[in-house]
Engineer: 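Questions regarding the structure given below will be posed in turn.
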2 protein chains.
Amino acid sequence: MNIKDIAKKCNLSVATISRVINNDPKVADSTRKKVLSVIDKYKFVPNITGRSLRTQKSNKILVLLPTMSNQFYSEIIQGIEETAEEKGYAILVAVTNLQEHQEIKYLHMLRMKHVDGCISLFNTIDAESISSLAKTYPFVQCCEPTMGADVSSVEINNRQAVYDVVNQFIQKGHKTIGMISGDYYKTSELGRETGYKEALRDNGLVFEKSLLVKNFYRYEDGAIGAKKIMAHNPKPTAIVCASDSLALGATSYLKSEGYTVGKDICVMGFDNTAITTYTSPTISSIGQPRYDLGKESFKLLYEKLENINSTNKKIILPYEIIHRESTGCSK
Amino acid sequence: MNIKDIAKKCNLSVATISRVINNDPKVADSTRKKVLSVIDKYKFVPNITGRSLRTQKSNKILVLLPTMSNQFYSEIIQGIEETAEEKGYAILVAVTNLQEHQEIKYLHMLRMKHVDGCISLFNTIDAESISSLAKTYPFVQCCEPTMGADVSSVEINNRQAVYDVVNQFIQKGHKTIGMISGDYYKTSELGRETGYKEALRDNGLVFEKSLLVKNFYRYEDGAIGAKKIMAHNPKPTAIVCASDSLALGATSYLKSEGYTVGKDICVMGFDNTAITTYTSPTISSIGQPRYDLGKESFKLLYEKLENINSTNKKIILPYEIIHRESTGCSK
DNA sequence: GTGAAAGCGCTAACAG
DNA sequence: CTGTTAGCGCTTTCAC
């Protein structure tokens, strides 16, 4: 059942059917009624591939995710989705699992015009490729802009967030502070680690390599990281983590070793995911405005969708530091 | 830059270019070489919309998710993705957020031939619509088959899983057992609740309405549920939950009320997500073979992709009951 | 207000 | 081995 069939049933041309489908005002009311009833009767749905081929647009955008196993992304996607829907765009999510060939495969959907634009939550390909991609296709990076790439992006000031936290710790009297970070989200990690180092430096403390451990973002990496950091002499009294999962893993390890987290040692998480209030101790965290991160990303993408030559923008959104039980202690 | 342009640059027909693109063996080696070098030079990428329109297939499948904020789905999707890739299919994920209009919107992608098939992790539309959809398009349900629908599906035996757990509790001497369930995944919930009721009945215990609370699957719903259940007289000594988030929320509430979970009261989760081993107490849980759930779903879908008239299959995969600290107690 | 016809980019049947 | 041709389903001039 295609447009031609409907045209036959109606004794009209395909052009008229097309006009009805697309709400063209210059079609007689009686004609429109007849066509709609036939469309309804046969449950006709216009073939979007034919339409895409003709109009050269799909009204779909791609959201590229590094992994699905991160609570953090869900609200960002909701922000994108709800903003996109207002403008008539559906969103499609693809997961790269951090594999470059997957990333390339899905980015081809842009070049192949199967989607009109892409919001990427993470990229492995180099800055130059990103820049050239963004020049030709509507493309926006969210949370993890590739360093040195000329592209629109939305993120928080990761450096400043950790700087503030470490600074607070030092004000409260902490002298030995560790950090557990990850090892693949290059941009945010560098920012967070830089904030850590700069806060130490600005307070006259020296950065020690053995107090900064980097690995993945699984709970167990938090535990492993905490173990390494606690082997340091003197023992740290505070640990900043690059995610809540790391903070939770660290807390779990510290408790098993007899420390009272929030009293003997402070632990700070990142992203303020729902879990933080349901553990004991509850986990302090740095919150990102997830919904708005998604929303602003789509708005930037929409500017590119309307005019690919519009200038690239870099948007920085505010973060918040939320103190819970895990940072109850001063030293 | 399209196939026609390439043909001109090569002084060949578009047909030959198409043959090269599609690895047709009956193309002279010298010709192939020339074409490939031109393709490379101009960075030509075949337009997949044109191809889809012509071949009537997209080599893409849709994975329909009720929500993104559930750790549980990530490994299922990986199972689907890796199996699909072997067969040359890319996967696209869409999130309905439990809204019917979203579900319908994305299912249209099937009818519009924008994807060749769909694996759905949850549906709100009725059994008849599902059956008729599955008759015409490759469609498989994973984890939550719609009751009464004629469709291929993969799941575990939810009823038996909870039956076993409750039975174990009773064998260990528990006499008052509560259950915290959810209120929208109709199929699995009904199965789990039925298992709970049947185990009670088969052991001569009576089911009491106030011991079964239903709500959403957020941590707070676990806390709220536990509060309600603990108001019962006599006090329950074990609670079965329909998810790990509920179990964690319940545990958090019980601890705040002074109970020692695993000693005063047992708590069982569901899905065996990573968090269960990083809380204290660690949470016992019923594990589903997530990767295989995804893998088998794609295999069923592939049978439909090859032959839409192949008979529908219902696959039941094994579960496992994993005891951790939260179920340490007998009564 | 409606229809005829061209064409989006591609593949495949057929001819040679 | 290569070219010619038709057509996938749709939108959009251009006529009338």
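A, B, ... follow the sequence lines: proteins, then strands. Residue 1 opens every chain.
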Engineer: Hey, does A/Ser52 reach any base, or is it just sugar-phosphate, or nothing, if we go heavy atoms under 4.0 Å?
Structural biologist: nothing

Engineer: Just checking A/Ile48: base, sugar-phosphate only, or nothing, at a heavy-atom cut-off of under 4.0 Å?
Structural biologist: nothing

Engineer: Regarding A/Lys186 and A/Glu144, does a basic nitrogen lie under 4.0 Å from an acidic carboxylate oxygen?
Structural biologist: no

Engineer: Restricting to salt bridge (charged side-chain N to carboxylate O under 4.0 Å, His left out), what partner residues turn up for A/Asp150, sequence neighbours left out?
Structural biologist: none

Engineer: Could you tell me the separation between the CG atom of A/Asn2 and the C1' atom of D/dC10, rounded to a whole number of Å?
Structural biologist: 9 Å

Engineer: Please give, in whole Å, the distance from C/dA13 P to B/Asp24 CG?
Structural biologist: 11 Å

Engineer: Does B/Arg54 or B/Asn11 map to a spot on DNA chain D nearer the 5' end, using the closest nucleotide for each?
Structural biologist: B/Asn11

Engineer: How close or far is atom C1' of D/dG9 from atom CD1 of A/Ile21, stated in whole angstroms?
Structural biologist: 10 Å

Engineer: Remember a base hit wins even if backbone is also touched, and classify B/Thr16 as base, sugar-phosphate or nothing at under 4.0 Å, heavy atoms.
Structural biologist: sugar-phosphate

Engineer: Side-chain N or O of B/Lys4 less than 4.0 angstrom from OP1 or OP2 on C/dC8?
Structural biologist: yes

Engineer: Is A/Gln56 near enough to C/dG9 that one of its side-chain N or O atoms lies under 4.0 angstrom from OP1 or OP2?
Structural biologist: yes

Engineer: Select one nucleotide: of C/dG3, D/dT11, D/dG9, the one nearest the side-chain heavy atoms of A/Asn22.
Structural biologist: D/dT11

Engineer: When we call it a touch if two heavy atoms are under 4.0 Å apart, what does B/Thr55 touch: a base, just sugar-phosphate, or nothing?
Structural biologist: sugar-phosphate

Engineer: Grab the NE2-P distance between B/His114 and D/dC10 for me, whole Å please.
Structural biologist: 13 Å

Engineer: Can you tell me if A/Glu189 uses its side chain to pair, donor with acceptor, with the backbone of A/Asp183 under 3.5 Å?
Structural biologist: yes

Engineer: Identify whether any heavy atom of B/Ala15 sits under 4.0 Å from a base atom; if not, whether one sits that close to sugar-phosphate; answer base, sugar-phosphate or nothing.
Structural biologist: base

Engineer: So, are A/Glu303 and A/Lys313 salt-bridged, with charged N and O less than 4.0 Å apart?
Structural biologist: yes

Engineer: Verify the contact: side-chain N or O of A/Asn47 to OP1 or OP2 of D/dG9, cut-off strictly under 4.0 Å; return yes or no.
Structural biologist: no

Engineer: I need the CZ-C1' distance between A/Arg32 and C/dG1, as an integer number of Å.
Structural biologist: 11 Å

Engineer: Name the nucleic acid region contacted by A/Thr49, choosing base, sugar-phosphate or nothing; use a 4.0 angstrom heavy-atom cut-off, strictly under.
Structural biologist: nothing

Engineer: Look at the side chain of A/Thr187 and the backbone N and O of A/Pro145, then say whether any donor-acceptor pair between them is shorter than 3.5 Å.
Structural biologist: yes

Engineer: Any donor-acceptor pair, under 3.5 Å, between the side chain of B/Arg19 and the base of D/dG3, if you only look at N and O atoms?
Structural biologist: yes

Engineer: Looking at A/Arg51, I'd like to know whether one of its side-chain N or O atoms comes within less than 4.0 Å of OP1 or OP2 on D/dG9.
Structural biologist: no

Engineer: Using whole Å, what does the distance between atom P of nucleotide D/dT11 and atom CG of A/Asn59 come to?
Structural biologist: 12 Å

Engineer: How many Å lie between OH on B/Tyr42 and C1' on C/dG9, as a whole number?
Structural biologist: 19 Å

Engineer: Among the candidates D/dC1, D/dT11, C/dG1, find the nucleotide nearest to the side-chain atoms of A/Ser18.
Structural biologist: D/dT11

Engineer: Got a second to check how far B/Tyr73's OH is from B/Cys142's SG, nearest 0.5 Å?
Structural biologist: 9.0 Å

Engineer: For B/Ser30 and B/Leu53, find the nucleotide of DNA chain D closest to each by heavy atoms; which residue's nucleotide sits nearer the 5' end?
Structural biologist: B/Ser30

Engineer: In whole angstrom, what separates B/Asp29's CG from D/dT2's C1'?
Structural biologist: 15 Å

